[in-house]
> 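Pasting in a structure now, in structure tokens, and then I'll have a few things to ask.
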Amino acid sequence: MDKSQNDTPKTPGTTVYYHNNPGLLRQNVAFHWWDAAYTSLHDHDYYEFFIITSGRTNHILNGVCQELYEKTLCLIRPQDQHQFTPLPGSRCIHINLPVTARKLEQLCAAIGMTMEQLLQIPQRQLLLEDTDFALFKQSAREINLLRETGAPDDCISTIICQMLVNALVILGKQRVGISAGAPEWFSQVLRRIHSPEYIACQAADIYRLAGYSPPVVIRCFRQYTGETVVSYLTRTKMDSAKRLLSSTDLTVLDIAGRLGYGSVSHFNKLFRAAAGMSPREYRRHYHPV
């Protein structure tokens, strides 16, 4: 629920610097739980993702106050001023994932996204699907266990990077790239193509999914995306391949199969054309360590 901007402070807040955070200073990423009911108005010289894991809170962002609920994912930019204030009768807990600009740029590149594209995403705040929410909470528990057992910082930072990559992919799904005026059925088809359950689909599957004749679907793809059905599918699959190579330990064979390619050599050829390097070279270059 939005509140009036008059309810929020007008004076500049304090700046939180990354060199005061030991994790950011050493690894360029950090993780912590936050359960305090109130924070002062502040900004950072780094980026920050947070995920509400339970409860509700008022969140003031750049002068606008909004009530946030469980499963909310939010990206805070260095220039953003924000603050948490309590809601009566609700204790809020959230996961906090700070990341330096340099590291975030590397993670964006690993999934084929530029920083400019990230910052142009229409919504930097959204509600997570149940499966995505569960995945973030499982990763957070894994970090807690690793810390309790004294695991090296590199092991923990790898999981943090995987969480950040997943957050980027979720936010990036809004970049479907549909021109204005596209019919709703076509927009729904493109959104499904970007979902995990349809990532292995082929052109014939798209025609069945659309419920229109192939010539109609082909014409819409050219008109509203500027691509053919096959080129759009290939680009979407290669973007997913980049994410899987950079954020998981799945083999190239497993990734090719997951994306619907029966031939690894064909997958390798398509990937090299899209990324300028082989899948194994890409993983060596971008897999977070």
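The basis for the numbers below is simple: all heavy atoms, side chains too, and nothing from hydrogens, waters or symmetry mates. Numbers for residues simply follow the sequence, beginning at 1.
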> Would you say the ring centroid of Tyr46 lies under 6.0 angstrom from that of Tyr17?
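When the ring centroids of Tyr46 and Tyr17 are compared, they turn out to be at least 6.0 Å apart.
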> Quick one: are the ring centres of His82 and His44 less than 6.0 Å apart?
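They qualify: ring centres under 6.0 Å apart.
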> Taking the six-membered ring for Trp, are Phe84 and Trp34 closer than 6.0 Å centroid to centroid?
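Distance test on ring centres: not under 6.0 Å, no.
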> Distance only, no hydrogens: is a donor on one side chain within 3.5 Å (strictly under) of an acceptor on the other, for Ser231 and Thr228?
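Yes, because at least one side-chain N or O of Ser231 sits under 3.5 Å from a partner of the opposite role on Thr228.
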> Which of parallel (below 30°), tilted (30 to 60°) and perpendicular (above 60°) describes Phe271 and Phe267?
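Answer is tilted, since the angle falls between 30° and 60°.
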> Where do Asp239 and Arg235 land on the side-chain contact (heavy atoms from CB on, under 4.5 Å) test, with the steps shown first?
CA-CA 6 Å; Asp239 286 346; Arg235 180 172 60 81; 4.1 Å; yes
> Charged N to carboxylate O under 4.0 angstrom, Lys71 versus Asp132?
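So Lys71 does not pair with Asp132 through a salt bridge.
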> Tell me whether Arg124 contacts the main-chain N or O of Leu75 through its side chain, where contact means a donor paired with an acceptor under 3.5 Å.
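Yes; judged by distance alone, with no hydrogens or angles, the pair exists.
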> Does one side chain, of Gln66 or Asn58, offer a donor that lies under 3.5 Å from an acceptor on the other?
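Looking only at side-chain atoms, Asn58 and Gln66 do not form any donor-acceptor pair under 3.5 Å.
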> So, does Asp205 use its side chain to make a donor-acceptor pair with the main chain of Gln202 at under 3.5 Å?
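Checking the backbone N and O of Gln202 against the side chain of Asp205, a donor-acceptor pair under 3.5 Å is found.
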> So, Thr251 and Asp254: side-chain donor and acceptor under 3.5 Å apart, yes or no?
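Side-chain D/A pair, Thr251 to Asp254: present.
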> Verify whether the ring centers belonging to Phe50 and His59 lie closer than 6.0 Å.
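Close enough - the centres of the two rings lie under 6.0 Å apart.
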> Are the charged groups of Arg222 and Glu227 less than 4.0 angstrom apart, N to O?
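Looking at Glu227 together with Arg222, the answer is no, because their closest N to O distance does not fall below 4.0 Å.
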> Under a plain distance cut-off of 3.5 Å, with no hydrogens placed, do Asn268 and Ser278 share a side-chain donor-acceptor pair?
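Distance-only check fails for Ser278 and Asn268.
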> Does one hydrophobic cluster hold both Leu107 and Leu135, with members joined at side-chain heavy-atom distances below 4.5 Å?
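In one cluster: no.
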